[in-house]
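In this text, all values refer to a predicted model and were calculated from it rather than measured experimentally. Residues: numbered from 1 along the sequence shown.
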Amino acid sequence: MVLRGGLVVLPLVLFTATGAVADDDCEDFSKSGLFSEAIITDEGPRDTPPASLDPAFDIRIVYPTAYLTRPESALDQLRRSAESFVITLDGTPSPIEERVTKRPNLFGGDNPSAFRLSVHDRYNLDKVIAVMTRRILGLPWSFDMPPLSTSPYSTQGLLEITNEKDARWRDKLLLVSISEGVFKDYIECDASNLRPHPQCMHYFDYRNIDVTMSYSIRLIPEWYTIRDLANRLLSCIYRDEIPTRTDGKQTWD
C-alpha cells in the first residue's frame, strides 16, 4: 500500500479474460472475488454536428464485479455503452448494503469515503470541456473551445475557470488541470450552499476510453489521489481495443 495525500492507494492489477491475476503487484485488488467482462461500445452521435474524423473503438474490460455500481449488471449483455463502479478511498469495494444505508455519508456528509467511476466512449476531453463550458458561459452548443480565463486554484495542480457565467450556472465551480499546454482534467462542481451534499463531476481520458467520476466537493483537495486510484483501476481492467470505424468517415469520439 502507498499512502498519498492522507489516502491509502492500493496497487492494482492486470487480469486475463478468465479473471486470473496476471501481475502480483495488484494482489490486494484481486481479493474482491468474482470477475466479469464487458465490451464498452462506441456510443455514436449524441447531438447535432459537427462531428470529427477521430477513429472509433470498442473497449473490452475485465473487472471484479464487487466494484460495480449495480452488481446485478454483470449478468446483462456483454456489449454495453458504459459501466460504472464504486470505489472507496482505500481502494476497496464498498459493501452493497452500505451503498443503500450509508449513501449520504458514503458520497457526501462530513467525511465522504467513496467515489463513482464510469467508463464509456463518447467525447474526448477537449470536446467535453468545449461543450460544457459553452453551456455554462451561455454560448451556443459546439465542439469549438471558447476562450477561457483561468487563475490558480487553492488546491495544487488545478486552475479555476474565471469567465463570467450565465446566471443559471453561477454556482458552478469549474476547474481544469493542464500539462504541457494540454487539458488533462475537467472538474465541474455544484458550489451552492443550498445543497446538503454538493458533488463534483470529474472528466478525463484514459487511452481510447472516456472517464467520468463523481465525488463530494469536500474531496477536491484529494483530487489527484482519486485520479491516481482511478488510473490504477483502469490499468487493471482495460484489456483490448476493437476498431469499429477507421474508414475516414465522420465519427463522434
Side-chain angles (χ1 to χ4, degrees), residues 1-13 26 28-36 38 40 61 63-76 80-120 154-155 157-158 171-175 185-204 206 209-237:
M1 294 187 296
V2 181
L3 186 64
R4 293 188 183 137
L7 300 181
V8 177
V9 179
L10 298 177
L12 303 183
V13 296
C26 298
D28 287 333
F29 188 61
S30 69
K31 293 177 182 177
S32 58
L34 298 175
F35 296 85
S36 189
I40 306 303
I61 58 175
Y63 53 84
T65 56
Y67 285 83
L68 286 174
T69 302
R70 297 187 305 110
E72 67 274 14
S73 70
L75 302 176
D76 293 347
R80 61 195 75 176
S81 62
E83 191 64 278
S84 296
F85 306 94
V86 175
I87 310 170
T88 65
L89 297 185
D90 65 1
T92 60
S94 62
I96 189 63
E97 60 272 13
E98 289 190 2
R99 300 180 200 179
V100 177
T101 61
K102 298 182 180 180
R103 186 176 185 277
N105 290 325
L106 196 65
F107 300 112
D110 292 332
N111 295 292
S113 59
F115 65 96
R116 286 160 287 206
L117 182 150
S118 176
V119 295
H120 48 87
S154 56
T155 296
L158 293 177
D171 288 332
K172 292 285 188 181
L173 172 66
L174 309 181
L175 304 170
D185 299 86
Y186 172 69
I187 304 173
E188 181 179 308
C189 303
D190 291 317
S192 171
N193 293 327
L194 300 178
R195 296 180 182 272
H197 304 296
Q199 297 286 301
C200 298
M201 301 297 291
H202 183 159
Y203 303 85
F204 65 97
Y206 182 87
I209 206 163
D210 309 313
V211 184
T212 302
M213 298 191 294
S214 64
Y215 47 81
S216 170
I217 196 172
R218 295 176 182 271
L219 294 179
I220 283 293
E222 307 293 350
W223 78 274
Y224 189 82
T225 303
I226 293 173
R227 171 73 139 83
D228 183 60
L229 181 53
N231 278 338
R232 291 166 181 261
L233 183 144
L234 291 166
S235 72
C236 298
I237 69 176

- Message: Filter on ring pair (Phe, Tyr, Trp, His ring centres under 6.0 Å), then keep only pairs touching residues 85-109, sequence neighbours left out; what's left?
- Response: Y63-F85
- Task: With sequence neighbours excluded, tell me which residues meet side chain to side chain contact (heavy atoms under 4.5 Å, CB included) with N111.
- Result: none
- Item | Heavy-atom closest contact (R80 atom, A38 atom, distance) | NE-CB, 3.8 Å
- Message: Test of understanding: with side chain to side chain contact (heavy atoms under 4.5 Å, CB included), list the residues that count as partners of S214, not counting sequence neighbours.
- Response: R116, M201
- Item | Residues that R227 engages under salt bridge (charged side-chain N to carboxylate O under 4.0 Å, His left out), provided they are two or more places apart | D185
- Task: Could you tell me the separation between the CG atom of L229 and the CD atom of E222, rounded to the nearest 0.5 Å?
- Result: 11.5 Å
- Closest heavy-atom contact between D171 and S192? OD2-CB, 3.6 Å
- Message: Just verifying a value: how many Å separate I87 CD1 and S113 OG, rounded to the nearest 0.5 Å?
- Response: 12.5 Å
- Residues two or more places apart in sequence or in another chain: which of them pass side-chain hydrogen bond (donor to acceptor under 3.5 Å, both in side chains) with Y203? none
- Residues in side chain to side chain contact (heavy atoms under 4.5 Å, CB included) contact with M213, at least two apart in sequence or another chain: F115, L117, H202, F204, V211, Y215, I226, A230
- Item | Value rounded to 0.5 Å, distance of OH in Y186 from OG1 in T212 | 11.5 Å
- Message: Quick check: do E188 and L173 have side-chain heavy atoms less than 4.5 Å from each other?
- Response: no
- Using side-chain hydrogen bond (donor to acceptor under 3.5 Å, both in side chains) as the criterion, list what pairs up with D190, not counting sequence neighbours. K172
- Task: With rounding to the nearest 0.5 Å, note down the distance linking OG in S36 to CD1 in I237.
- Result: 11.0 Å
- Note on the structure: Between H197 and G109 the two heavy atoms that sit nearest each other are ND1-N, 2.8 Å
- Is the backbone N or O of T69 less than 3.5 Å from a side-chain atom of S84, with the two atoms forming a donor-acceptor pair by type? no
- Message: So, taking the atom named CG in L89 and the one named OG in S94, what distance separates them when rounded to the nearest 0.5 Å?
- Response: 10.5 Å
- Task: Can you measure from OG (S118) to CD1 (I40) and round to the nearest 0.5 angstrom?
- Result: 8.0 Å
- Query: Counting heavy atoms not belonging to Y206, are there more than 12 under 6.0 Å from its OH?
  - Reply: yes
- Query: Is there a side-chain contact between L158 and I220, using heavy atoms and a 4.5 Å cut-off?
  - Reply: yes
- Here the pair of heavy atoms bringing P112 nearest to S216 is CG-CB, 3.5 Å
